[in-house]
A.B. asks: 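First, the structure itself, so that you have it in front of you.
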Amino acid sequence: MTATPPESPGLPSHFVPADVEGPLYERWVERGYFTADPDSGKPPFSLVIPPPNVTGNLHIGHALEQSMMDAITRRARMRGFDTLWLPGMDHASLAVNNLVERYLGETEGKGRADYTRDEFMAKAWEWKNRFGGQILGQMRRLGDGVDWSRERFTMDEGLNRAVNTIFKRLYDDDLIYRAERIINWCPLDMTALSDAEVEHADEPGELVSIRYGDGADAIVVATTRAETMLGDTAVAVHPDDERYRHLVGTTVALPLTNRRIPIVADEHVDPSFGTGAVKVTPAHDPNDFEIGRRHDLPMPTIMDERGAITVPGPFQGLDRLEARYAIVAALREDGRIVAEKRPYVHAVGHCSRCDTVIEPRLSLQWWVRVEPLAKAAGDAVREGRVTVEPESMRGRYFQWVDNLRDWCISRQVRWGHQIPVWYSPDGDDMCFGPDETPPSGWTQDTDVLDTWFSSALWPFSTLGWPDATTDLERYYPTTVLVTGYDILFFWVVRMMLFGLYAMDGAVPFETVVLHGLVRDASGKKMSKSRGNVVDPLLWIDEYGADAVRLSLLQGANPGADQAINEEWVVGTRNFGTKLWNATRFALMSGATVDGPLPAVVEGPDAWILSRLNAVIAEVDALYERYEFAKIVDVLYHFAWDEVCDWYIELAKLSLSGPTADSTRRVLGEVLDALLRLLHPMVPFVTEVLWTALTGGESLVIADWPLADPSRADAAATADVRAIQAVVTEVRRFRSDQGVKPSQRVPATLTGVTPTTEPAIRALLRLDDAGDGFAETASLTTASGVRVAFDLSGTIDVAAERTRLTKDRAAAEKELATNSAKLGNEAFTGKAPEAVVAKVRDRVTAAEAEIARIDAALAALPSA
RNA sequence: GUCCCGGUAGCUCAGCUGGUUAGAGCGCCGCUCUUACACAGCGGAUGUCGGCGGUUCGAAUCCGUCCCGGGGCACCA
């Protein structure tokens with residue numbers, strides 16, 4: 001590669017992200033850098049994106065998740081893997097269905113019932129094509145290096161086929177069945193929901209105690225949902241409960257109706273709660289349903305799909321909440337209310353989508369029998385075939401997977417995958433696969449599948465399953481899955497269930513990396529209702545994608561929630577500027593990447609190469625554990641503190657000395673490697689800088705640096721540490737003395753070496769002592785270097801005395817602590833020799849330090 | 001009820017396989033436009049490491065217990 005010498009300095013004085021990011025990204029895509037190539041001969045590395053909702057916009061959580069995935073894939077690509085990051089979107093069945101219905105209501109003034117299924121689906125596709133998919137453009141803004149040629153959608157043709165194929169297979173294996181059970185019903189969305197789609201919240205309600213029957217056979221029950229009494233078909237008591245034993249087997253009159261219901265004995269009842277008697281409404285409560293099954297009770301449904309009472313009489317047509325008040329009022333009038341507790345705080349289930357109170361309801365739905373699948377999913381992690389990072393999240397995975405209940409997969413909406421079961425005119429049902437044609441006259445089930453059913457297939461359906469494609473063969477199992485711990489159950493567990501099942505026991509991914517939630521600056525969860533949502537796109541506009549990405553990764557500790565605010569984005573933007581300026585300096589200084597790195601280098605050059613290779617090794621190790629926050633920390637400090645603050649300052653000297661050529665090469669090497677190391681996290685600014693510095697084609701396809709342990713150089717490191725120690729201490733002295741940074745001061749140095757003295761003098765702006773040098777102040781550093789100054793102005797003796805006194809106190813403390821340890825036989829006897837030796841050294845050092853300070857104090861003119 | 005995670009500088013967090021004077025970023029206070037960078041440089045201040053006990057020569061780090069915050073699961077009608 002030939003380095004094209006940069007035109008003038010080669011870089012504009014400022015970096016304007018908005019000007020370069022878009023064109024740069026499109027160039028990467030056009031050149032096919034992100035397109036996986038099964039024929040490349042490289043080992044594969046693959047991951048699938050957690051498909052965002054087709055209706056979604058890029059929010060800060062996506063930005064974090066995708067920044068992590070982009071860093072992982074870009075690094076893998078640089079390390080020589082055939083890398084696939086597969087993008088796509090989820091059809092978001094219920095969410096889109098609702099949006100389309102609302103849209104049609106607004107634009108056409110019609111409701112759900114006014115469209116046939118086909119008409120509705122046509123409208124929905126139209127809507128999706130028009131309003132959906134915004135997030136794809138926003139992912140480009142972030143810089144996501146995804147393989148757009150393999151983009152998928154959970155309702156595209158191939159994925160439909162995958163869905164139908166696995167449904168048929170599960171159905172034939174008796175792992176999908178249809179049954180009438182109590183399900184979570186949302187009366188607003190008018191569909192069933194899975195357990196996972198219900199959120200429980202404690203709310204104040206009422207606990208009403210009602211007397212059923214009269215006189216000797218009266219029995220009091222308590223309820224928070226009085227309206228369900230219309231559906232009661234029994235009262236249950238515990239079999240051992242003496243109070244009610246005589247009533248078991250008799251019947252009692254159900255108030256407000258002319259029905260009599262039996263009193264049954266059931267183990268489920270807790271005799272110590274309330275009166276020990278429970279009203280049983282089998283069609284509207286899961287526990288009551290079980291009691292009803294055990295005692296063969298009738299199970300009348302008393303509400304319609306909207307939650308309105310259907311029982312003929314005065315309450316018919318009332319909404320369930322209105323009915324509750326009306327029924328309590330009527331019972332009160334009847335003198336049947338014996339106690340009312342209000343407010344009574346208890347957990348109430350809500351629809352996770354629209355927040356409507358869920359109605360448990362007896363309903364005929366489709367289910368996945370999960371038990372055999374869940375066993376395999378749990379074992380795969382237990383056996384280490386799938387690693388969950390961070391390890392602390394493993395428990396949560398098992399909590400889910402080992403306690404799974406059958407999954408209700410049918411939904412009463414239209415947008416989604418229609419259940420591939422057909423019914424004959426006689427009522428027989430049969431499942432047909434994608435290539436099978438049902439007999440004419442049969443009609444298809446009108447329900448669609450839970451959105452998560454198709455996303456559970458994502459790691460293999462997107463690669464071509466059920467066909468044995470090259471991609472499937474090559475990229476499954478995927479290497480790593482990155483997602484939030486909040487969808488561990490919704491998605492990760494279900495991918496495990498279906499992946500292991502469909503792929504004959506092959507896991508869907510080898511490692512799961514769970515990240516936390518992004519919160520606002522005060523640690524609160526972001527939500528529209530709180531009004532604390534931040535839009536990453538606004539920050540990208542303002543500070544560039546690199547700054548947004550890096551500020552998110554900077555806070556990304558595995559599995560932990562993190563906060564973000566604009567100031568931190570500003571901070572990382574400043575880091576980009578720092579890199580920019582450092583590279584400008586390098587270019588102006590003739591830094592080069594041409595030719596081999598000198599085998600032997602000296603001084604600061606040797607030191608920075610030593611550090612660079614240690615940093616590479618450290619970063620590699622941290623990537624293995626997905627410790628993004630630490631990777632950022634390491635690179636940030638290496639770049640800013642070591643490269644910019646020390647190495648470049650030291651290099652300014654050697655660039656005018658005999659080793660200038662060597663330094664130019666090392667400076668080029670260090671920046672080259674640094675930009676490579678940072679590229680996966682901040683792809684744009686590093687690309688601009690690196691191409692300017694090296695003349696290379698693109699960092700995207702450049703090689704990841706290899707750590708070279710042979711560059712470790714303890715001697716050079718010690719030299720630089722010595723320079724740093726003296727410089728830092730004298731700077732402090734100067735600052736305390738009020739000597740301006742720019743003021744040059746004549747001084748003599750003793751105890752320095754010819755290799756360190758020029759650097760120390762230059763960094764401290766100390767001139768040689770010429771004629772007429774008069775020492776007016778001096779300083780002996782901890783490392784034994786004596787610096788004598790000729791300060792023209794007055795020395796601030798008091799300030800210096802304060803400083804030294806403070807240092808002396810610290811040294812005294814150090815001496816006392818360590819001497820005490822040495823005087824403690826328990827310590828010297830039991831602690832390892834290495835630790836004791838260390839303490840002994842510290843005592844010696846502290847004593848020397850005190851002596852040095854005392855001498856310095858004595859040398860100060862008296863005030 | 002049960003389980004998990006967390007409580008370290010004003011804020012957000014590292015450190016926690018026990019052993020330097022407990023760190024970083026931001027913020028704060030000084031001094032500087034020193035020719036890559038004021039989106040910067042240099043210097044500085046700031047902590048009963050949630051409380052109390054225990055183990056240990058030695059505890060921010062291990063154990064117990066309590067308090068506070070966040071979350072998961074299950075819920076008694």
A.B. asks: Can you check the distance between B/A14 and B/U8, where both ends of the measurement are the C1' atom (answer in whole Å)?
C.D. replies: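 Their C1' atoms lie roughly 10 Å apart.
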
A.B. asks: Got a salt bridge between A/E206 and A/R225, using NZ or NE/NH1/NH2 to carboxylate O under 4.0 Å?
C.D. replies: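 Judged by the 4.0 Å cut-off on N to carboxylate O distance, A/E206 and A/R225 do not form a salt bridge.
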
A.B. asks: When every nucleotide of nucleotides 23-34 of chain B is labelled 5' to 3' by its protein contacts under 4.0 Å (heavy atoms), B for base, S for sugar-phosphate only, - for none, what sequence of letters results?
C.D. replies: -S-S-----S-B

A.B. asks: Whether A/N824 contacts B/G58 is assessed here as follows: a side-chain N or O lying under 4.0 Å from the phosphate OP1 or OP2. Is that the case?
C.D. replies: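 False: A/N824 side-chain N/O out of range (4.0 Å or more) of B/G58 OP1/OP2.
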
A.B. asks: Are any of the side-chain nitrogens in A/E566 or A/R573 under 4.0 Å away from the carboxylate oxygens of its partner?
C.D. replies: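 Not counted as a salt bridge, because no side-chain N and carboxylate O are separated by less than 4.0 Å.
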
A.B. asks: Taking the nucleotide of RNA chain B with the nearest heavy atom to each, does A/T817 or A/V278 sit closer to the 5' end?
C.D. replies: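 Of the two residues, A/T817 wins.
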
A.B. asks: For B/C75 versus B/U65, give the span between their C1' atoms, rounded off to a whole number of Å.
C.D. replies: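 About 27 Å, rounded to a whole number of Å.
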
A.B. asks: Please classify the nucleic acid contact of A/N403 as base, sugar-phosphate, or nothing, using heavy-atom distances under 4.0 Å.
C.D. replies: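 The answer is nothing, as A/N403 stays clear of every strand by at least 4.0 Å.
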
A.B. asks: Any side-chain N or O of A/Y344 under 4.0 Å from OP1/OP2 of B/A77?
C.D. replies: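 Yes, within the criterion.
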
A.B. asks: Using only side-chain N and O atoms of A/R734, determine if any of them is under 4.0 Å from OP1 or OP2 of B/G43.
C.D. replies: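 Result: no.
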
A.B. asks: Among pairs that include at least one residue of residues 547-557 of chain A, which meet side chain to side chain donor-acceptor pair (under 3.5 Å), considering only residues two or more places apart or in two chains?
C.D. replies: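 Sorted pair list: A/D70-A/R549.
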
A.B. asks: Taking the six-membered ring for Trp and the full ring for Phe, Tyr or His, determine whether the centres of A/F733 and A/F789 are under 6.0 Å apart.
C.D. replies: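 Yes, the ring of A/F733 comes within the 6.0 Å limit of the ring of A/F789, centre to centre.
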
A.B. asks: Regarding B/C39, can its base be found pairing with the side chain of A/R573 as donor and acceptor, where the two atoms are less than 3.5 Å apart?
C.D. replies: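 Pair found.
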
A.B. asks: Using a cut-off of less than 4.0 Å, is there contact between a side-chain N or O of A/K652 and OP1 or OP2 of B/A36?
C.D. replies: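 Looking at the OP1 and OP2 atoms of B/A36, one of them is under 4.0 Å from a side-chain N or O of A/K652.
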
A.B. asks: Output yes when A/R342 and A/E340 qualify as a salt bridge under the 4.0 Å nitrogen-oxygen rule, no when they do not.
C.D. replies: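 Looking at A/R342 and A/E340, the cut-off is met.
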
A.B. asks: Of A/T583 and A/A560, whose closest RNA chain B nucleotide lies nearer the 5' terminus?
C.D. replies: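 Mapping each residue to its closest nucleotide by heavy atoms, the 5'-most match is A/A560.
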
A.B. asks: What's the gap between B/U48 and B/C11 when it is taken at their P atoms, as a whole Å value?
C.D. replies: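 B/U48 and B/C11 have their P atoms separated by 12 Å.
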
A.B. asks: Please confirm whether A/W640 and A/Y636 have ring centers closer than 6.0 angstrom.
C.D. replies: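 Judged by ring-centre distance (under 6.0 Å), A/W640 and A/Y636 do meet the cut-off.
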
